[in-house]
Amino acid sequence: MQEFLTTVILLLSSTLRLSVPLVLCGLAGLFSERSGVWDIGLEGKMLFAAFAAAAAAYQFDSAWVGLVFAILVAVLLSLIHGFASVTHQGNQIISGVAINFISSGLTVLLAVGWFALGGRTPQLQPEARFPTVILPFAEEMRPVPVLGAIYADLISGYNILVYIAFAAVPVTWWVFHHTRFGLRLRAVGENPAAVDTAGISVDWLRYRALLCGAILCGIAGAYLSIAQSAGFVREMSAGKGYMALAALIFAKWRPVPVLFACLLFGFLEALSIRFQAFDFGLGPALSTQIVQSLPYVLTVVLLAGFMGRAIPPKAGGIPYTKER
Amino acid sequence: MNVAVALLISGLVVLFVGQNPLEAVGYLVSGSLGSGEGIGFTLYFATSFMFTGLAVAVASHAGLFTIGAEGQAYLGGLGIALVCLALDKVVPWYVTLVPAAMAGMLFGAAWAFIPAYLQARRGSHLVITTIMFNFIASSVMIYVLVNLIKESGSMAPQTRLFDAGGLVPKLGEILPVDIGTAPLNISLFIAIAAAVFVWVLIWKTKLGFEIRATGANPAAARNAGIGYVKITIVCMLISGALAGLAGVNILMGDLGKLQLDFPAGIGLVGVAVALMGRGHPVGIAVASVLFGVLYQGGAEISFWMPNITRELIMLIQGLVILFAGALSLMFRSSVYSLVDLFRFSKREA
C-alpha cells in the first residue's frame, strides 16, 4: 500500500512538472488564438526564451534576471509575429513557422558563438536557478498518513514557476470572463468588424493578446532551462509547443480544459519516462519506440476529433481589413 | 529583395557572434561556386531541395500548408532501400531505379495519406499533424533500422552498403564534366522531369485547375462541384510521392545505404524553397540552387569558422520564410509607394 502510494505520488508529481511548459504555452496560445491570431510559433518562442533565460542567468548569476530576459525575448518574437500577421496581414501560419525556424537556428548559432560548447550553455550554478519552494509545515505534516505524503511530496516541493503556471489558469479564466479586456479579446476573435465598429482598435487588441501570450511563453522557456534543468540544450523544447497547441484544440479554446488536456499530455510523458522499456508483449525494442512516440500519436488521434468537434474562434487566421 | 534582407540580417548575426561576415560570404561563395567540385555539391543539394520544394508547392496550390515532406522523404527512403537491398546484386542500376523510385513514391505518399485524410474528413490541423508525423516517422525509422534491417554484425543503425545494382551513376562518370568527388548524379534529371510534371499538372490539366480553384476559394470550388476531400487527398499523395523521390538522390546517388536521419532537414528546406519560388517550378528550381549554395557554402563556413555552425542555414531559412512568406506584402506596398512617389514627382515636373 505504502509502496503503491509512493509510486502514484511520484508519477503524479512528475506529471505536474512535465505539464508546466504545456500549461503555460497552452494558455499563451489561448490568448492569441481567442483574439484571432493563430500561433504556431509557440515552440520557437519557448525555445528562444529558454536559451535567453539560461544565457542571462549564467551571465548575471540570477534566475530572476534570466526570467526577465526570457520574457523579453518572447515578447520580441511575438512583436515580429504581430508585425507580420497583424500589421502587414501576412499569413499567420507561415509567420509562426518562420519564428520556429529562426529560433532553432539562432539559439544554436548564438550558443556556439558565445559559449563554444556545441550548442549548449554552461552548466548553471544553483543560485542561477529557481530553488525548490517548501510549503509551510511540509515536514511537520509528513508523518500524517496519506495526506502528509500528498502534501509534502505532491503539493509542496516545486520551484516557484510551477506554482505560477498553475495559478495562471484561474487568472486567465478570470481575465477572459470577468474583465473588459477579456470580453473584447473574445469578441475580436469572433467578429472583429463588430469590435471595430464599437471604436476599439482590432490591431492593438490583438497585439495585447499576443503580448500576454509572450509573457507566458517566456516563463515556459525559463522553466525549461533554468528551473527544470540547469542549462540550455539545443532543441530542448522538443515539440512541446505543438503539443500545447493540440491541447488547446482538444480543450476547444477554453482555459480550464486546457489545464486538463495539458495534464493528460504530461501524464503520458511521465508514463513514458517511467516505463521506458515497458513490455507490451511485442518485444522490448518495439515497446520503447511505441512509448516514445505515444504523445505524438495521441496528439494526432485527439486532433482527429474523436473527442467531438472543436470549433475554433471564427475570425482565427484571418487578418482584419478595415472597410474602406 | 526579400532574400537580400534575409541575408543581410544573417550577416548581422554573424557579426553579433564576433565573426567577420565578409569573410563568411567569401567562404560561402568560393566554397559553393568556386570550383567544379563545389558546384557539383551545390547542385547535388539543390536536387534534393527540388523534390521537397515541389512537394510543398503542389500542396500549397490547393491551399494546404504541409511541413511533412521531411517524414515523407524519410519513409520514402525506406521503400527505396528495401528495393535496392532486394535487387542490387541481381540486376544493373537502370533496372533497379524504376521499382526503387516507385517504392519511394509509394511509401512517401502513404505517409502523407493519414494527415491528408484527417485534414479532409475531420478538419485536423494539417500543420500540426504533419509535424507530429515527422516525429513519428523518426521513431518508426529508429525501430526499423535498429531491429529489422540493420547490417548484421554492425553496431551503427544502418543497412549494408548497396551493390552496384543499387547505385545510380554520378554525373562525373557519364558526362565530360569535372566535379571531383561531388555526389551529383542522374537524379538531377529526375528532379527536372518532376518539375516539368508539376508545371503540366498544375497549369495544363483539369485536375490542376481544380487544385488551383480549391486553393483560391475552397467554398466556391465546392459549389462548382469540385470535391474538397478528393483534391486534398490527391494533392497530398502527389506531394508525399515527390518528397519520397528525394531518397533516390541521397541514398542511391550518394550514401549507398539507408542510415539514421538521412533527410537531415531537406523537408524543412522544401518549405522555404516553395515559398521563395512562389510555388512555380522555375522559381523552385532557382530557389533550390540558391539553397544549394547556402548548404554547401554553409558547410564551408562552419569548416573554416568553427564558431559558426550549420544552423546558420536554419536561421537564413527562417528569415526567408518570414520575409518571402509572411511579410511578402510589406515590401510590395513600400515598393508601390515608392513608385507612386516617383510618378507623383514626375507629374509635378
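Order of the sequence lines sets the chain letters (A, B, ...), proteins ahead of strands, with each chain counted from 1. The structure displayed is predicted, hence computed values, not measured ones.
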Tell me, side chain or backbone of A/I40 under 4.5 Å from chain B's heavy atoms, or both, or neither? side chain

Within the structure provided, determine whether B/I128 and A/I249 are in side-chain contact (heavy-atom separation under 4.5 Å). yes

Does any heavy atom of chain A fall under 4.5 Å from the side chain of B/L275, the backbone, both, or neither of them? side chain

The reported gap from CE in B/M314 to CD1 in A/I102 (rounded to nearest 0.5 angstrom) is 10.5 Å

Side chain / backbone / both / neither for A/I80 at chain B, heavy atoms under 4.5 Å: side chain

Portion of B/L322 that has a non-hydrogen atom of chain A nearer than 4.5 angstrom: both

Any B/F65 side-chain heavy atom under 4.5 Å of A/V97 side chain: yes

Applying a strict 4.5 Å limit to non-hydrogen atoms, the region of A/S85 in contact with chain B is neither

Check the surroundings of atom OH in B/Y117: do more than 12 heavy atoms from other residues, nucleotides or ligands lie under 6.0 Å from it? no

For B/M132 against A/Y242, the heavy-atom pair lying closest together: CE-CB, 3.5 Å

Looking only at heavy atoms and a cut-off of under 4.5 Å, which of A/L245, A/N91, A/V108 has the most pairs with chain B? A/V108

Chain B contacts, top residue of A/S104, A/A98, A/A246, A/A238 (heavy-atom pairs, under 4.5 Å): A/A98

Quick one: CD on B/E311 to OG on A/S103, what's the gap to the nearest 0.5 Å? 13.0 Å

Got more than 12 heavy atoms from elsewhere within 6.0 Å of OH, A/Y58? no

Gap separating the OG atom of A/S293 from the OH atom of B/Y143, nearest 0.5 angstrom: 12.0 Å

From CZ (A/F101) to CD1 (B/I316), nearest 0.5 Å: 13.0 Å

Around atom CZ of A/R120, are there more than 12 heavy atoms of other residues, nucleotides or ligands at under 6.0 Å? no

Quick one, A/V300 and B/F133 - any side-chain contact, counting heavy atoms below 4.5 Å? yes

When rounded to the nearest 0.5 angstrom, what distance separates OG1 in A/T107 from CG in B/L315? 9.5 Å

Interface check, chain A: of B/I114, B/T129, B/I142, most non-hydrogen pairs under 4.5 Å belong to B/I142

Between atom CG of A/L106 and atom CD1 of B/I9, what is the distance when rounded to the nearest 0.5 Å? 10.5 Å

What part of B/L268 is in contact with chain A, defined as an atom under 4.5 angstrom from a non-hydrogen atom: side chain, backbone, both or neither? both

Between chain B and each of A/V297, A/L110, A/I94, A/I99, count heavy-atom pairs under 4.5 Å; write down the option with the most. A/I94

